[in-house]
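Worksheet: the structure to be examined is printed underneath.
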Number of protein chains: 2
Amino acid sequence: MKKSTQKRVTLKQVAAHAGVSLTTASMALNGNPSIPEATCQKVFKAIEELGYVYDRGAASLRSSTAGSGAIGIIVTDLVNPFYTELLIGIQQKLNETEQTSLLGTTFDSCEVQDRMISMMLEYRISGLLLFAAPGTSSEVIKRIQRFGIPVVLINRLFPDLPCDYIGVDNVHGGYEATRHLLALGHRRIAFIGGNRQLYTWHGRLQGYQQALNEFGIDFDPELTPESLCNREEASNLIEHLFKLPNPPTAIFSYNDTIAIGAMMALKSRGIVPGKDVAVIGFDEIPEGLSFSPSLSTVTAHPRLQGAKAVELLQSRMSNPSMPIQSIVMPTELLLRESSGEHLK
Amino acid sequence: MKKSTQKRVTLKQVAAHAGVSLTTASMALNGNPSIPEATCQKVFKAIEELGYVYDRGAASLRSSTAGSGAIGIIVTDLVNPFYTELLIGIQQKLNETEQTSLLGTTFDSCEVQDRMISMMLEYRISGLLLFAAPGTSSEVIKRIQRFGIPVVLINRLFPDLPCDYIGVDNVHGGYEATRHLLALGHRRIAFIGGNRQLYTWHGRLQGYQQALNEFGIDFDPELTPESLCNREEASNLIEHLFKLPNPPTAIFSYNDTIAIGAMMALKSRGIVPGKDVAVIGFDEIPEGLSFSPSLSTVTAHPRLQGAKAVELLQSRMSNPSMPIQSIVMPTELLLRESSGEHLK
DNA sequence: AGAATTTACTGAAACGATTCAACGGTTCGT
DNA sequence: ACGAACCGTTGAATCGTTTCAGTAAATTCT
């Protein structure tokens, strides 16, 4: 019942308690080399005894150039496990370096994203990991950069915008997946899900087309239906696709979530993925492994990508004049059950 | 190539540009009713024209009682989709109310958690949603409360600690699941995974025992092996369990992640879950629906729970003297394929 | 030994907002 | 017509920290 919402202990009180000046205390706290060990000890002892906690807001007020030290993370949609995997990688890395993060989820809305960015600017983040919502204008990013805040774009590249970027090799991933299906003997291969608003979609489509070309197969637009990235939409796609007079025998899916939705829809129609129809996804989400049949996929190494994104941001933060980096991570074709065997 | 890391525009400049005093500008910004519409317009026009961004750090410096306005979220382990679901619910709610969040992931380590809490205190969060790591001492929470920061505990209740709490009815959930299995004719029912460090584990076990009692079945400690919450550990559990002279015919799993790991292990041994062995999980993660057989589970409505946790924190923040709340959400038995049919 | 440097520390001015007491001017009540 | 109440506005103090310029004592240099 004690209403002891104690007033915050300030550094001034710490200084008094330690018998030094405010300035000395501040310097001791920041490990300024001109403060001798003994004095530091006194200050830290006082901090301990009084239960002092540092006020980052006040601190970053004076040193106006640096931000609060926190880094912002904006992702579009936690519902897609790929983002969760990415976030896990990011958080693990941040834990290592003991950094704090502001998290925002846009749920694919640009307005929400704008609001989020404004908020983060108000909180004076020191850096931003941005997984841009579809339709994001490059102006939005330029605005952040104008405040001197480093930005790392994840999986979404803006032409003509000087900005660090990390992504995966969508073209090669799409190429490898499609090529594998072609090598298995498939000739009607669909590329399903995702949409042309997505930067990654274009790359994966390009790889798909490249492989088709190599095998001298004509591109059939009917086999590349677009969709949002959820299971329900994927189900509709399958519905539509298997009503065609000449349905596909293999499916390369924009991502794993869609692949799983598609496989569920196939199964409910009595079509066995991995046997009647080959399926390959993209991303590598954990669910792909537990699904029957287990999902063959082009892995983007999402956790590693998250970790690398943090590393990139950190090097940018510690060295603002470093040349712009564009990291394209190699993809890897992960063959499991859903891609099936060679056609007889 | 413009090195135009422009200096931050301050409210003072805005005031000058609008032809009013700093005080007036501040009040206009905060919607103080004593500022007439016309003046507000002038100020907002100036804000627009100068590209002013509010500095929350500076603002929260003066009004020392309130924090920065951001709320902290600490979860243990994003790898378990349950937490992701919870986080989705939290983020959706926060988006509605346009609040910013600091996210920390402890990966089940108390030291990391301590560090995270300290950080969040330094950033002066206005409230904390805490999914406490196993082994967390109640002292840690008391410390936060001493700073006058509202805390909402999720799924982990500390006896004798006056603190808001939201969780699910573990006992009833465990009871219903077990009872259902008993009603199907099962008599060897295992309760697998989780461990006694977890508050929720005890509740679920209690419900399990209660149901067994009701059917006059002796509790067999061999049927309640503990484990960490991941698929590999679940697999080991199955390995061990099905080496017993008298293996179980039904499994009630501490959570869905373990249930899925267990079912994968069963399948790889040629045992068909939903037919040879009944399985029921707890939580309701999306993966449970795509798995074959689809996972019967006790849903904790994770997204709703996340949303409600935010609501609870918000009411506490707006009304600090409100009596302590303990919200226990009802569970619901979600019957799908894995629980099977009545034994012949 | 006297000057120059170093060492250990400090006072005071920032940083960008909030907030309180106070201002002159209009309107109201009686 | 006089004081009270109100309105729109403002100057100045304040929050907790950093940082610059400066000081007095101790050490080094020549």
Side-chain angles (χ1 to χ4, degrees), chain A residues 5-43 46-47 50-70 119 121-124 126 147-148, chain B residues 5-43 46-47 50-70 121-126 147-148:
Chain A
T5 304
Q6 64 192 29
K7 281 215 82 59
R8 231 179 146 80
V9 177
T10 78
L11 194 53
K12 200 169 169 183
Q13 294 169 50
V14 170
H17 192 261
V20 299
S21 80
L22 174 57
T23 307
T24 307
S26 171
M27 288 170 136
L29 199 60
N30 295 322
N32 189 309
S34 72
I35 304 293
E37 186 58 24
T39 313
C40 278
Q41 296 288 329
K42 279 197 293 183
V43 173
I47 285 177
L50 298 181
Y52 166 77
V53 327
Y54 189 63
D55 187 326
R56 288 192 122 80
S60 61
L61 184 54
R62 182 64 219 272
S63 34
S64 213
T65 58
S68 65
M119 288 262 191
L121 288 177
E122 294 184 2
Y123 279 102
R124 311 199 42 173
S126 300
F147 285 99
Chain B
T5 304
Q6 66 193 26
K7 280 213 84 58
R8 234 180 145 78
V9 176
T10 77
L11 194 53
K12 200 170 168 180
Q13 295 170 48
V14 170
H17 192 262
V20 298
S21 80
L22 174 58
T23 309
T24 306
S26 170
M27 287 170 138
L29 198 61
N30 294 322
N32 189 310
S34 71
I35 304 292
E37 187 57 24
T39 313
C40 279
Q41 296 287 330
K42 279 197 293 183
V43 174
I47 286 177
L50 298 180
Y52 167 76
V53 326
Y54 189 64
D55 187 327
R56 286 192 123 79
S60 62
L61 185 55
R62 181 64 219 272
S63 35
S64 213
T65 58
S68 66
L121 288 176
E122 293 184 1
Y123 280 103
R124 311 201 39 175
I125 50 169
S126 299
F147 286 100

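It should be emphasised that the depicted structure is a prediction, and the values quoted were computed from it without experimental measurement. The chains referred to below are lettered A, B, ... by the order of the sequence lines, with proteins before strands, and numbering in each begins at 1.
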- Item | side chain to side chain contact (heavy atoms under 4.5 Å, CB included) involving B:S21 - partner list, sequence neighbours excluded | B:T23, B:T24

- Nearest-Å distance for atom pair OH/C1', residues A:Y123 and C:dG16: 16 Å

- Below 3.5 Å, does any donor atom in the side chain of A:R62 face an acceptor in the base of D:dT17, or the other way round? no

- Message: In whole Å, I'd like the distance from the CG atom of A:L11 to the P atom of D:dT17.
- Response: 5 Å

- Does B:S26 have a side-chain nitrogen or oxygen under 4.0 Å from the phosphate oxygens OP1 or OP2 of C:dT18? yes

- For A:N32 and D:dT18, give me the distance from atom CG to atom C1', rounded to whole Å. 11 Å

- Item | Test item: A:N32 side-chain N/O and A:A28 main-chain N/O as donor-acceptor pair under 3.5 Å | no

- Note on the structure: B:Y52 atom OH is separated from C:dC15 atom P, nearest whole Å, by 15 Å

- Message: Looking at A:A70, is its backbone amide N or carbonyl O close enough to the side chain of B:Y123 to form a donor-acceptor pair, meaning the two atoms are under 3.5 Å apart?
- Response: yes

- Task: Indicate the atoms forming the closest heavy-atom contact of B:V9 with B:Y52, along with that distance.
- Result: O-CD1, 3.3 Å

- Task: Rounded to the nearest angstrom, tell me the gap between atom CD in B:E37 and atom P in D:dC7.
- Result: 16 Å

- Message: From CZ of B:R56 over to P of C:dA17, roughly how many Å is that when rounded to an integer?
- Response: 12 Å

- Rounded to whole Å, the CD1-C1' distance (B:I47 to C:dA17) equals 13 Å

- Query: Considering only D:dT18, C:dA17, C:dG16, which nucleotide approaches the side chain of B:L61 most closely?
  - Reply: C:dG16

Distances under 3.5 Å between nitrogen or oxygen atoms of protein and nucleotides 4-11 of chain C:
residue : atom : partner : partner atom : Å
C:dC9   : OP1  : A:T39   : OG1          : 3.3
C:dC9   : OP2  : A:T39   : OG1          : 2.6
C:dT10  : OP2  : A:S21   : N            : 2.5
C:dT10  : OP2  : A:S21   : OG           : 3.0
C:dT10  : OP2  : A:T24   : OG1          : 2.8
C:dG11  : N7   : A:T23   : OG1          : 3.3
C:dG11  : O6   : A:T23   : OG1          : 2.8

- Query: Can you tell me how far P of D:dA12 sits from NZ of B:K12, to the nearest Å?
  - Reply: 12 Å

- Atom of B:V43, atom of B:V14 and distance for their closest heavy-atom approach: O-CG1, 4.0 Å

- Any donor-acceptor pair under 3.5 Å from A:D55 side chain to A:G57 backbone: yes

- Under a 4.5 Å cut-off applied to non-hydrogen side-chain atoms, are A:R124 and B:R56 in contact? no

